[in-house]
Novice: 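Dropping the structure in here first, questions after.
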Amino acid sequence: MYGKHTYLQLLGPHEAAGTVAGDAAVVMAIEQPGGVNALVIRLRKLHAIFDAGEQLQGVQPTAVPAVQWVMPTGADSLSSHFQLSVIEFSNEAAMARGKIDSLSSDNRTSTRFIGTRFRPDRLMRDVNGATLAIPAADIAIAVRFARNTGVRAVVEGEQAIIYFDNFTLRLTPPWRGAGVKQLEFVLTHDVPANPVYRFGPHSRLRFGPAAVATWDFESQ
């Protein structure tokens with residue numbers, strides 16, 4: 001589900017190797033050219049434990065970098081049930097995109113790379129919030145990684161809230177099972193009468209008030 005600046009991917013059983021129901025990943029993009037390199041320098045100064053690399057696109061020997069990425073590693077490695085990483089679209093990807101949209105290679109905005117799939121005639125404009133139930137140890141690591149990258153993170157008991165630009169990530173231990181507990185959306189327009197739709201016994205999608213929607217996965 002593609003928004004203007006964000007997208008949501010839901011995978012069914014066995015669609016991703018090595019995963020189980022309830023596994024989740026959050027990928028945040030830096031939109032400033034050189035942002036990942038600057039982040040690496042910052043993390044080194046803080047003596048943070050992390051790994052950095054490039055994700056290639058294409059087939060060797062002609063494959064080119066698509067994104068640069070950074071994620072916690074070593075003693076700060078997250079479990080196999082949750083992943084949190086920061087990426088930056090590469091200069092090569094921006095140059096390739098420039099052949100289509102004629103924009104500068106310095107334009108690394110997410111909307112440039114995913115916004116082409118955004119459908120303004122549909123309801124979802126962007127995902128602006130998520131509540132995930134993940135292992136408690138992963139919550140502590142995610143908070144530390146977020147703070148090391150300069151992102152505000154607030155701990156509330158065993159839970160945490162991480163405030164990214166235009167996106168709020170709430171992390172809670174899996175008291176009633178792991179996985180996505182709630183998703184919040186900004187819509188392209190209001191939905192008349194603020195309808196509520198149910199999918200199965202525990203999933204409820206509520207619209208409004210105003211141009212927003214909330215998808216709960218623990219509703220009764």
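The first residue in the sequence is number 1, and the count goes up from there.
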Novice: Quick check: closest heavy atoms across V143 and A153, and the distance to 0.1 Å?
Specialist: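 That would be CG1-CB, 4.0 Å.
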
Novice: Around atom OH of Y197, are there more than 12 heavy atoms from other residues, nucleotides or ligands closer than 6.0 Å?
Specialist: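 Counting other residues, nucleotides and ligands, OH of Y197 stays at 12 neighbours or fewer.
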
Novice: Looking only at side-chain N and O atoms, does E184 offer a donor or acceptor that is under 3.5 Å from a partner on N128?
Specialist: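 Their side chains do not contain a donor-acceptor pair, so the 3.5 Å distance test is not met.
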
Novice: Between atom CD1 of I139 and atom CG of L84, what is the distance when rounded to the nearest 0.5 Å?
Specialist: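 CG of L84 is found 12.5 Å from CD1 of I139.
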
Novice: Test F207 against V196 for side chain to side chain contact (heavy atoms under 4.5 Å, CB included), laying out the working first.
Specialist: CA-CA 6 Å; F207 289 94; V196 177; over 6 Å; no

Novice: For the residue pair P72 and L78, what are the closest heavy atoms and their distance?
Specialist: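 Distance-wise, the nearest heavy atoms are CG-CD1, 4.0 Å.
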
Novice: Using a 4.5 Å cut-off on heavy atoms from C-beta on, say whether the side chain of N194 contacts that of P209.
Specialist: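 SC-SC contact between P209 and N194 confirmed.
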
Novice: Taking the side chain as everything from C-beta on, heavy atoms only, tell me whether L187 gets closer than 4.5 Å to R125.
Specialist: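 No, side chains not in contact.
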
Novice: Would a 4.5 Å heavy-atom cut-off, applied to side chains only, mark E54 and S90 as touching?
Specialist: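 Side chain of E54 against side chain of S90, heavy atoms only: no contact under 4.5 Å found.
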
Novice: As an exercise, state the distance from CG of D138 to CG of L171, rounded to the nearest 0.5 Å.
Specialist: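 Interatomic distance, D138 CG to L171 CG, rounded to 0.5 Å: 9.0 Å.
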
Novice: Kindly indicate whether the side chain of D51, heavy atoms from C-beta on, has any atom under 4.5 Å from the side chain of W69.
Specialist: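 SC-SC contact between D51 and W69 confirmed.
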
Novice: Looking only at non-hydrogen atoms, find the nearest pair between A133 and P173 and report the distance.
Specialist: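 That closest heavy-atom pairing would be CB-O, 4.0 Å.
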
Novice: Which distance, rounded to the nearest 0.5 Å, do you find between the CZ of R152 and the OG1 of T168?
Specialist: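 OG1 of T168 is found 9.5 Å from CZ of R152.
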
Novice: Any idea which heavy atoms bring L205 and A213 closest together, and the distance?
Specialist: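 Closest approach of L205 to A213: CD1-CB, 4.4 Å.
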
Novice: Which pairs, with at least one residue in residues 153-168 and sequence neighbours excluded, count as a salt bridge (Lys or Arg N to Asp or Glu O under 4.0 Å)?
Specialist: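 Salt bridge (Lys or Arg N to Asp or Glu O under 4.0 Å) check on residues 153-168 returns no pairs.
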
Novice: How many angstroms lie between CD in Q68 and CD1 in I87, if you round to the nearest 0.5 Å?
Specialist: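 The distance works out to 10.5 Å.
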
Novice: Apply side chain to side chain contact (heavy atoms under 4.5 Å, CB included) to L132 and V26, showing your working.
Specialist: CA-CA 10 Å; L132 307 178; V26 176; 3.9 Å; yes

Novice: Where do V70 and L43 land on the side chain to side chain contact (heavy atoms under 4.5 Å, CB included) test, with the steps shown first?
Specialist: CA-CA 10 Å; V70 177; L43 293 174; 3.7 Å; yes

Novice: Does a side-chain heavy-atom distance below 4.5 Å link V20 with H81?
Specialist: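 They are in side-chain contact.
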
Novice: Pair K4, D126 - check salt bridge (charged side-chain N to carboxylate O under 4.0 Å, His left out), show working.
Specialist: CA-CA 6 Å; K4 194 171 184 179; D126 274 309; over 6 Å; no

Novice: F167: what forms a ring-ring contact (aromatic ring centres under 6.0 Å, His included) with it, not counting sequence neighbours?
Specialist: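 ring-ring contact (aromatic ring centres under 6.0 Å, His included) check on F167 returns nothing, list empty.
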
Novice: With side chain to side chain contact (heavy atoms under 4.5 Å, CB included) as the criterion, how do T19 and L11 come out once you've worked through the C-alpha distance, each side chain's angles and the decisive distance to 0.1 Å?
Specialist: CA-CA 10 Å; T19 62; L11 301 177; 5.9 Å; no

Novice: Between S105 and N91, is there a side-chain heavy-atom distance shorter than 4.5 Å?
Specialist: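 In short, these two side chains touch, coming nearer than 4.5 Å.
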
Novice: Tell me whether M28 shares a hydrophobic cluster with M71, the cluster being built from Ile, Leu, Val, Met, Phe, Trp, Tyr side chains joined at under 4.5 Å.
Specialist: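 No; tracing contacts between hydrophobic side chains, which count when under 4.5 Å, never links both residues.
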
Novice: Which heavy-atom pair separates V154 from R147 by the least distance, and what is that distance?
Specialist: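 Residues V154 and R147, closest heavy atoms: CA-NH2, 4.3 Å.
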
Novice: Please enumerate all residues that pass side chain to side chain contact (heavy atoms under 4.5 Å, CB included) together with Y2, with sequence neighbours excluded.
Specialist: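 Y2 satisfies side chain to side chain contact (heavy atoms under 4.5 Å, CB included) with Y7, I114, R117 once adjacent residues are dropped.
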
Novice: Only pairs at least two apart or in different chains count here, so list each salt bridge (Lys or Arg N to Asp or Glu O under 4.0 Å) that has a residue in residues 93-102.
Specialist: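 Passing the test, one end in residues 93-102: R97-D101, D101-R112.
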
Novice: Decide yes or no on salt bridge (charged side-chain N to carboxylate O under 4.0 Å, His left out) for D76 and R144, but give the supporting numbers first.
Specialist: CA-CA 9 Å; D76 273 350; R144 187 158 55 247; 2.8 Å; yes

Novice: Are V186 and L169 connected into the same hydrophobic cluster when the rule is that any two of I, L, V, M, F, W, Y join if their side-chain heavy atoms are below 4.5 Å apart?
Specialist: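 No, because L169 and V186 fall into different hydrophobic clusters, even though each may have its own neighbours under 4.5 Å.
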
Novice: What's in the same ILVMFWY side-chain cluster as I100, cut-off under 4.5 Å, chained through other members?
Specialist: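 Besides I100, the hydrophobic cluster comprises nothing; the residue is isolated.
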
Novice: Apply ring-ring contact (aromatic ring centres under 6.0 Å, His included) to F145 and list each qualifying residue two or more places apart in sequence or on a separate chain.
Specialist: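 Partners of F145 under the ring-ring contact (aromatic ring centres under 6.0 Å, His included) test: none.
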
Novice: Does the side chain of F217 come within less than 4.5 Å of K181's, by heavy atoms?
Specialist: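 No. Closest side-chain heavy atoms not under 4.5 Å.
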
Novice: For L183 versus A130, what's the shortest heavy-atom pair and its separation?
Specialist: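 Heavy-atom minimum between the residues: CD2-CB, 3.9 Å.
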
Novice: Roughly how far, to the nearest 0.5 Å, is CG of L123 from CZ of F185?
Specialist: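 Those atoms lie 10.5 Å apart.
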
Novice: Does some side-chain heavy atom of L39 sit less than 4.5 Å from a side-chain heavy atom of I30?
Specialist: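 Side chain of I30 against side chain of L39, heavy atoms only: contact under 4.5 Å found.
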
Novice: Show, in sequence, the C-alpha distance, side-chain angles and deciding distance for E31 and R108, and conclude whether the salt bridge (charged side-chain N to carboxylate O under 4.0 Å, His left out) test is met.
Specialist: CA-CA 5 Å; E31 298 188 329; R108 309 292 175 81; over 6 Å; no

Novice: With rounding to the nearest 0.5 Å, note down the distance linking CD in E88 to CD in Q32.
Specialist: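 Between E88 CD and Q32 CD, I get 8.5 Å after rounding to 0.5 Å.
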
Novice: Parallel, tilted or perpendicular: which describes the rings of F89 and F113, with under 30° parallel and over 60° perpendicular?
Specialist: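 The rings of F89 and F113 lie parallel, inter-plane angle below 30°.
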
